[in-house]
Amino acid sequence: MKSQNLALVAGLTAVLASCSLSSGTPPERAGEVLIEEVIGEQVGFVFADAACTAPADGEVGTPFSCTAMTEAGETVTFEGVIDPDDSIFVAPSNIIVASEMSAVETEAADVLGEEIGVVIAPSDVQCPDESTVLVDDRLRCEISDAASGDRYEMFLTVADFELRKGFSQRSYEVGNLLN
C-alpha cells in the first residue's frame, strides 16, 4: 500500500461553503442551514437533520463540527470554523465529490503504477461518477489490468482531514479480482 501527501480537496471552495451570520444567529444554526440549503446542492445530496455543536466561544478561528443524514441514511460529517466578518466556513469531511473523482483516478494510476513498475492509464481506474460518502474512510473504485482485461477492487483510504486543505494522508491498494 502506497501513501501520498498530496492535497485532494474533499469539499467545496470557501465561496461555496461559507456564509455570513445574520445578527443574533448562532454559528451552529447557520452551519445547519448552510448544510441543508447550500452544501447539499453543491455536492449532489439532499441533507436532513443537520446538527452542529456550539463552538466553545464566538472568537474567529473557533472550530465546530456538524453531522447530517443523506436520503440513503448515510451520516455525513462536517468541520466548521468561525471566520472574520461575522461568517462561518463549513465543509464535509467524509465525502469525495464527483468533480474530484478524475483526480483520484489519475493519482491512483500514478501511485500504483510506480509501486508495481508499470504504466497505468487513468482510464484503467474507474471511480463512482457521483459524490460519494466514505465508509470507514474508504472509497471503493475498480482498476483494470490492460494486458489481461482482469478487473480488481481498488480502495482509496484517507486520513487527517484538514479544513480548507482536504485529506493530508491517502493510500491506495488493490483488492480482490472481480471477474
Legend entry - Polar side-chain atom of N94 near backbone of T75 as donor-acceptor pair, under 3.5 Å: yes

Inset, instruction - Return yes if a side-chain donor-acceptor contact under 3.5 Å exists between T67 and T77, otherwise no. - result: no

Legend entry - same_hphob_cluster(I116, V125) at 4.5 Å side-chain heavy-atom cutoff: yes

Inset, instruction - May I ask you to check whether Y172 and E107 show a side-chain donor-acceptor distance below 3.5 Å? - result: yes

Legend entry - V104 with V119, same ILVMFWY side-chain cluster at under 4.5 Å: no

Legend entry - Verify same cluster id: V38, V76 (apolar side-chain graph, 4.5 Å): yes

Inset, instruction - Give a yes or no on this: more than 12 heavy atoms of other residues, nucleotides or ligands lie within 6.0 Å of atom CD of E162. - result: yes

Legend entry - Rounded distance [0.5 Å steps], CD in E130 versus CD1 in I95: 12.0 Å

Inset, instruction - For the pair Q126 (side chain) and I143 (backbone), establish whether a donor and an acceptor sit closer than 3.5 Å, ignoring hydrogens and angles. - result: no

Legend entry - Where P84 and S87 come nearest, the two heavy atoms and their spacing: O-OG, 2.9 Å

Inset, instruction - Measure across D124 and A146 and return the closest heavy-atom pair with its distance rounded to 0.1 Å. - result: OD2-CB, 3.9 Å

Inset, instruction - Could you tell me which non-hydrogen atom of E79 sits nearest to which non-hydrogen atom of S65, and how far apart they are? - result: OE1-CB, 4.4 Å

Legend entry - Check: D49 main-chain N/O paired with E36 side-chain donor or acceptor under 3.5 Å: yes

Inset, instruction - Could you list all the ring pair (Phe, Tyr, Trp, His ring centres under 6.0 Å) pairs where at least one residue sits in residues 24-50, not counting sequence neighbours? - result: F45-F47, F47-F78

Legend entry - Criterion side chain to side chain contact (heavy atoms under 4.5 Å, CB included) on Y152 and L178, from CA distance to verdict: CA-CA 5 Å; Y152 297 86; L178 295 172; 5.6 Å; no

Legend entry - Close side-chain approach of F89 and L163, heavy atoms under 4.5 Å: yes

Inset, instruction - Keeping the roles fixed (side chain from T62, backbone from G58), state whether a donor-acceptor pair exists under 3.5 Å. - result: no

Legend entry - P55 vs E28 side-chain heavy atoms within contact, under 4.5 Å: yes

Legend entry - Minimal non-hydrogen separation, V90 against I39, with atom names: O-CD1, 3.5 Å

Inset, instruction - Could you tell me whether a side-chain N or O of D57 sits under 3.5 Å from a main-chain N or O of E59, the two making a donor and an acceptor? - result: yes

Legend entry - Test item: T53 side-chain N/O and F64 main-chain N/O as donor-acceptor pair under 3.5 Å: no

Legend entry - Shared hydrophobic cluster for L156 and V174 (ILVMFWY, side-chain gaps under 4.5 Å): yes

Inset, instruction - Specify the closest pair of heavy atoms between I120 and G113, including all atoms of both residues, with the distance to one decimal. - result: CD1-N, 3.5 Å

Legend entry - Pairwise distance CG(D110) to CD(E105) - rounded to 0.5 angstrom: 12.0 Å

Inset, instruction - May I ask you to decide if M154's main-chain N or O and E173's side chain share a donor-acceptor pair within less than 3.5 Å? - result: no

Legend entry - Heavy-atom closest contact (F161 atom, A91 atom, distance): CZ-CB, 4.5 Å

Legend entry - CA sep, side-chain torsions, deciding dist, call: K165, D160, salt bridge (charged side-chain N to carboxylate O under 4.0 Å, His left out): CA-CA 10 Å; K165 294 181 181 178; D160 300 328; over 6 Å; no

Legend entry - Atom pair CD/OG1 of E100 and T106 - distance to nearest 0.5 Å: 12.5 Å

Inset, instruction - May I have all residue pairs that pass salt bridge (Lys or Arg N to Asp or Glu O under 4.0 Å) and include part of residues 145-154, sequence neighbours excluded? - result: R140-E153, E142-R151

Inset, instruction - Verify, without hydrogens or angle tests, whether T132 (side chain) and I96 (backbone) share a donor-acceptor contact under 3.5 angstrom. - result: no

Inset, instruction - State the OG-CZ distance between S93 and F167, to the nearest 0.5 angstrom. - result: 6.5 Å

Inset, instruction - Tell me whether I35 is reachable from M69 by hopping between hydrophobic residues (I, L, V, M, F, W, Y) whose side-chain heavy atoms are closer than 4.5 Å. - result: no

Inset, instruction - Starting at CG of D83, measure out to CG of D85 and round the result to the nearest 0.5 Å. - result: 8.5 Å

